[in-house]
Amino acid sequence: MHCDQFQPEKILAAGPSAKVYRGVETATGRKVLIKAVLQDDETVCPLDRDRVQQLAPSLMQMRHPHIARLITLLPMEDELAFVSEFTPGMNGRAFDAEHRPSPSDVRMLAVQLMHALQVGENLRQPHGDPKPSNLIIADHPSGGLFLQVQDWGLSLAREKQPPETLWFRAPELHAGGPPTMQSDLFTAAGSLFCIATNTSPTLGTTAEEIQQDWQAFDACELLDHLRPDLDQPLRDWLAWLLSVLPQQRPKSVSQALKVLMQSMPAGSSYQAKQPPVMAPGAKTTQLGSKALKSRPVLTKAASAPAAATLPLAAVPKKPSRSRALATALLKIAALSVIGFFVWSVMQKFIPVLYPPAAMSSEKIPAVASASITTVSQQAAATNTVPAKTSADLR
């Protein structure tokens with residue numbers, strides 16, 4: 001690898017055809033994503049290197065905030081490496097296992113994904129494989145989620161596809177058809193379904209089993225049970241893109257994006273954002289730690305216990321009784337200590353309401369007795385009646 005231009009810093013994942021590194025461009029210091037292609041004898045899904053070099057010039061023209069731009073291709077005698085823009089975050093497969101996006105987040109991710117696919121439509125260059133692990137999702141500094149599409153067109157240089165690609169592939173591609181924008185729409189909708197519900201649309205191991213799964217797949221019913229909080233227009237839109245027959249899907253990405261924007265709730269808006277940049281010294285999570293973990297599919301017979309398939313992060317944990325009791329006792333103890341100190345301070349500043357203890361106990365009765373005698377004398381003087389003489393009686 002050209003260490004004088006790009007230097008790898010940390011391995012992030014081992015994909016089906018390449019090892020993924022976070023690297024740095026030595027001239028500018030910016031972070032980049034380096035994918036070192038595995039040798040043909042090291043993988044069951046090798047890339048056609050000649051085909052990759054043919055696609056490279058057109059892939060470098062894919063420029064959009066929601067597309068990880070291919071910076072350069074580093075061909076060597078025994079190694080081939082892709083260098084593309086780096087966005088900190090996690091892929092869609094790992095994201096859906098740890099997060100439950102809100103309805104507005106799902107809609108915004110769909111809008112961003114459609115904008116990215118529209119670039120390919122304008123350049124007549126389908127992505128070919130917008131599966132969850134090719135979607136990087138990150139928290140944007142200005143708020144909300146940010147999505148970026150990676151590995152544009154690489155599936156076109158691969159003869160044998162990995163399992164995750166087969167799970168989300170459009171039925172016509174399993175039949176041997178070439179990638180189109182309509183097949184990209186199907187795979188993109190399947191990825192959004194996976195991110196929103198934390199379930200895989202299919203679980204087959206062969207093309208025949210996967211096509212049977214898609215024939216029995218009912219997107220509307222599954223979304224009604226798994227994500228009833230999603231608004232009905234968004235659920236209908238996803239089901240539209242997941243139509244098995246290409247003729248029943250949108251005719252273009254532009255049409256799909258237009259319908260999606262028209263169904264936006266009142267007050268909602270989309271504003272294009274620049275990709276978040278990794279801060280110096282920040283840590284990067286493993287992008288592919290959960291990329292190929294299968295998920296159970298909710299069938300019609302098992303639609304009742306749909307809540308059991310929701311991610312654990314959506315279920316709030318209740319505190320135990322012992323922990324609640326210990327918390328209450330700690331609060332009471334803290335209040336008691338605070339009250340003791342407050343009372344000690346208050347005693348120094350509150351005026352004395354009672355006689356001090358140093359006053360003689362004899363003076364108090366003396367004053368009281370004098371008061372009582374005075375009052376008695378006044379009462380006696382008031383109630384004294386002069387004695388009547390005999391003269392008065394006569």
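- Other residues, nucleotides and ligands place no more than 12 heavy atoms under 6.0 Å from the CD atom of E159.
- Counting only N and O atoms by type, the side chains of Q54 and D50 include no donor and acceptor under 3.5 Å apart.
- Atom-to-atom distance recorded for L145:CG and I137:CD1 is 7.0 Å, nearest 0.5 angstrom.
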**Request:** Would you sort out whether Q61 and S58 count as a side-chain hydrogen bond (donor to acceptor under 3.5 Å, both in side chains), showing the intermediate values?
**Result:** CA-CA 5 Å; Q61 302 301 318; S58 60; over 6 Å; no
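- Using modelled atom types, one finds no donor on one side chain facing an acceptor on the other under 3.5 Å when comparing T26 with Q7.
- Under 3.5 Å, the side chains of S200 and R93 contain a donor-acceptor pair of N or O atoms.
- A donor-acceptor contact closer than 3.5 angstrom is absent between the side chains of S84 and Q150.
- Checked by atom type and distance alone, the side chain of S243 pairs as donor or acceptor with a backbone atom of W240 at under 3.5 Å.
- Applying the ring-ring contact (aromatic ring centres under 6.0 Å, His included) test to residues at least two apart or on different chains, the pairs with a partner in residues 42-64 are H64-H66.
- Here the side chain of W237 pairs a donor or acceptor atom with the backbone of A256 at under 3.5 angstrom.
- Remark: side-chain polar atoms of E9 are not paired, donor with acceptor, to backbone N or O of Y21 under 3.5 angstrom.
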**Asked** Under the salt bridge (Lys or Arg N to Asp or Glu O under 4.0 Å) criterion, do R235 and D224 qualify, and how do the steps go?
**Response** CA-CA 8 Å; R235 284 181 275 169; D224 289 343; 2.4 Å; yes
**Request:** Check the pair R169 / T187 against side-chain hydrogen bond (donor to acceptor under 3.5 Å, both in side chains), numbers first and verdict last.
**Result:** CA-CA 6 Å; R169 226 174 186 201; T187 303; over 6 Å; no
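- A donor-acceptor pair under 3.5 Å is absent between the side-chain atoms of Q118 and the main chain of M114, judged by distance alone.
- Note that CG of L260 is 10.0 Å distant from CG of L113, once rounded to the nearest 0.5 Å.
- Between D105 and S102, the side chains place a donor N or O and an acceptor N or O closer than 3.5 Å (distance only, hydrogens not considered).
- Expressed to the nearest 0.5 Å, how far CD of E221 lies from CG of L223 amounts to 10.5 Å.
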**Message:** Working note: S263 + R107, criterion side-chain hydrogen bond (donor to acceptor under 3.5 Å, both in side chains); need CA distance, chi angles, decisive distance, verdict.
**Reply:** CA-CA 10 Å; S263 66; R107 180 177 285 275; 3.1 Å; yes
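- How far CZ of R63 is from CG of L70: 10.5 Å, rounded to the nearest 0.5 Å.
- For D229, the side chain to side chain contact (heavy atoms under 4.5 Å, CB included) test picks out R100, P103, R227, with sequence neighbours left out.
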**Request:** For the pair K35 and D151, evaluate salt bridge (Lys or Arg N to Asp or Glu O under 4.0 Å) and give the outcome as yes or no after the intermediate values.
**Result:** CA-CA 10 Å; K35 291 193 174 183; D151 292 352; 2.4 Å; yes
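- Between the side chains of K131 and T165, at least one donor N or O sits under 3.5 Å from an acceptor N or O.
- For the pair W152 (side chain) and Q125 (backbone), a donor-acceptor distance under 3.5 Å is present.
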**Message:** If you apply the rule salt bridge (Lys or Arg N to Asp or Glu O under 4.0 Å), what do you find for K19 with E42, and how did you get there?
**Reply:** CA-CA 11 Å; K19 290 183 179 180; E42 297 176 338; over 6 Å; no
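- Between F217 and W214, the ring planes are perpendicular. Angles over 60° get that label, and only those under 30° would be called parallel.
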